[in-house]
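Structure first, then comments.
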Protein chains: 2
Amino acid sequence: MAKKNKTKYALLGVLNTMSGSGYDIKKFCDSSIRYFWNENYGHIYPVLQKMEEEELVTKHVEQTDGRPSKNVYSITAKGRAELDNWLLMPVEPEHGRSELLLKIFWSKNVPVEVLIEKFMQIKEVSEEMLVQYAQIENDLKAHKDEIDKMNLVLWISTVNYGKHDSEAKIKWCEETIKSLEEIED
Amino acid sequence: MAKKNKTKYALLGVLNTMSGSGYDIKKFCDSSIRYFWNENYGHIYPVLQKMEEEELVTKHVEQTDGRPSKNVYSITAKGRAELDNWLLMPVEPEHGRSELLLKIFWSKNVPVEVLIEKFMQIKEVSEEMLVQYAQIENDLKAHKDEIDKMNLVLWISTVNYGKHDSEAKIKWCEETIKSLEEIED
DNA sequence: AAATTATATATCACTGTGATATATTTCAAA
DNA sequence: TTTGAAATATATCACAGTGATATATAATTT
């Protein structure tokens, strides 16, 4: 019927690593999985409440003075089972919507020089991303003694995905620019 | 505030090529841009209505016997201007959510053999995609005399994106499988 | 002292998704 | 031949996801 709720699994994954509030979860996401997954409060809070009802997590309220009291969530055995089960299920095919490709597809009346300029910009952004991924990989390898062996391989694999993706985009831009230049003649 | 409506531009792009009903538009999308853009009726019909109100398209009702009467939409000068304007604007950065990478990130307790098996499956799917993209490219080149020169370059570029993307995934799978095998020892 | 950043939760309006409902024609297989 | 599947055509629902905004206060920086 509707799209399947994947935020649930992102939150279960975080809570399987640490207990924390919605705010803590958001911070964790932003600092670790942000390159391929982003969460926002508008979803975190309602999904946490729903998961509590489903007994996938438990809530305990921490009183603080001044600040709003903190709702600390922890994963339950049932939640862990749900996560493990999801991890083994095949990934649902992602149709995705690429605004970039949509624009290119409809751009026949855009002047060639403007298009070439745009592809050069895309190439530059991809080159910057490549530098960022290399940095993350270095950071991971620098802390390799503190990270679980298995996690290290998996986390480096996700970074590697980004590297291959950026490299592919760069090559694609170069090839497209070349064929656009051939039109101009 | 909310996410920006991109369906609008997809529909304007289609209607810039041909006039037609919601049904026609859906068919066009499924047969041309499906690899990077998918539209569904749940969105096409309300967005068409809204665009009519904004005078980006006009509707004329075609009576048919038996079947529901067909609402044929055509793009207006205002709609064409809106499309042209959007085409020149930079692409909004896509954060995207990759269920695949999310799963890998949380998979430290999944047995290594199971993970390797999963990566082999992903590799196979990417190899199949590569074949499909090659086929589309051949089809395009076979009809190159009927296609506008500029469109041919742009459409082949979008197919090429898919090819580079698949190739990158294949390489990534091979590398990850290799590093997973090294853990097993 | 003032301004900014960090902590913390909640809600709104909107976009996007995929299933389902409804109804008829046309064509092919049993 | 009739049964049924596929194509034509529109509409609607429940839910998922987004990003901005509202509301408060503490700690830190300027």
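Residue numbers begin at 1 in each chain, while the letters A, B, ... track the order of the sequences. The structure displayed is predicted, hence computed values, not measured ones.
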Apart from B:Ile170 itself, what residues make up its hydrophobic cluster when side-chain heavy atoms of I, L, V, M, F, W and Y under 4.5 Å apart count as a link, directly or indirectly?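 Under the 4.5 Å side-chain rule, B:Ile170 groups with B:Leu130.
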Counting only heavy atoms and a strict 4.0 angstrom limit, can you tell me which residues of residues 78-90 of chain A come near DNA chain D?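 Correct list: empty, so none.
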Got a sec? Which of residues 15-42 of chain A come in under 4.0 Å of DNA chain D, heavy atoms?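 Here the set is A:Asn38, A:Asn40, A:Gly42.
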Which angle, rounded to 10°, do you find between the first-five-pair axis and the last-five-pair axis of the helix from C:dA1-D:dT30 to C:dA30-D:dT1?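 Axis-to-axis angle, ends of the helix: 30°.
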Kindly write out the residues that satisfy side chain to side chain donor-acceptor pair (under 3.5 Å) with B:Ser166, not counting sequence neighbours, or none if the list is empty.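 Checked B:Ser166 against side chain to side chain donor-acceptor pair (under 3.5 Å); zero matches.
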Side chain to side chain donor-acceptor pair (under 3.5 Å) against B:Arg34, all qualifying residues, sequence neighbours excluded: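 If we apply the side chain to side chain donor-acceptor pair (under 3.5 Å) test to B:Arg34, skipping adjacent residues, there are no hits.
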Table please: side-chain donor-acceptor pairs of residues 151-158 of chain B below 3.5 Å, with sequence neighbours left out.
{"unit_1": "B:Trp155", "atom_1": "NE1", "unit_2": "A:Phe105", "atom_2": "O", "d": "3.1"}
{"unit_1": "B:Ser157", "atom_1": "OG", "unit_2": "A:Trp172", "atom_2": "NE1", "d": "3.2"}
{"unit_1": "B:Ser157", "atom_1": "OG", "unit_2": "A:Thr176", "atom_2": "OG1", "d": "3.0"}
{"unit_1": "B:Thr158", "atom_1": "OG1", "unit_2": "B:Trp155", "atom_2": "O", "d": "2.6"}

Of all pairs that satisfy ring-ring contact (aromatic ring centres under 6.0 Å, His included), the ones with a partner from residues 124-152 of chain B, not counting sequence neighbours: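 Sorted pair list: B:Tyr35-B:Tyr133.
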With side-chain hydrogen bond (donor to acceptor under 3.5 Å, both in side chains) as the criterion, how do A:Glu167 and B:His164 come out once you've worked through the C-alpha distance, each side chain's angles and the decisive distance to 0.1 Å? CA-CA 9 Å; A:Glu167 281 165 4; B:His164 280 299; over 6 Å; no
Side chains of residues 41-57 of chain B: which donor-acceptor pairs under 3.5 Å do they make with residues two or more places apart or in other chains?
none

Pairing residues for A:Tyr23 by the ring-ring contact (aromatic ring centres under 6.0 Å, His included) criterion, not counting sequence neighbours: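 So A:Tyr23 forms no ring-ring contact (aromatic ring centres under 6.0 Å, His included) with any residue.
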Partners of A:Trp37 by ring-ring contact (aromatic ring centres under 6.0 Å, His included), sequence neighbours excluded?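 Listed in chain order: nothing, the list is empty.
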Expected output is a numbered-order residue list: members of residues 47-58 of chain B with a heavy atom under 4.0 Å from any atom of DNA chain C. What is it?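 Correct list: B:Lys50.
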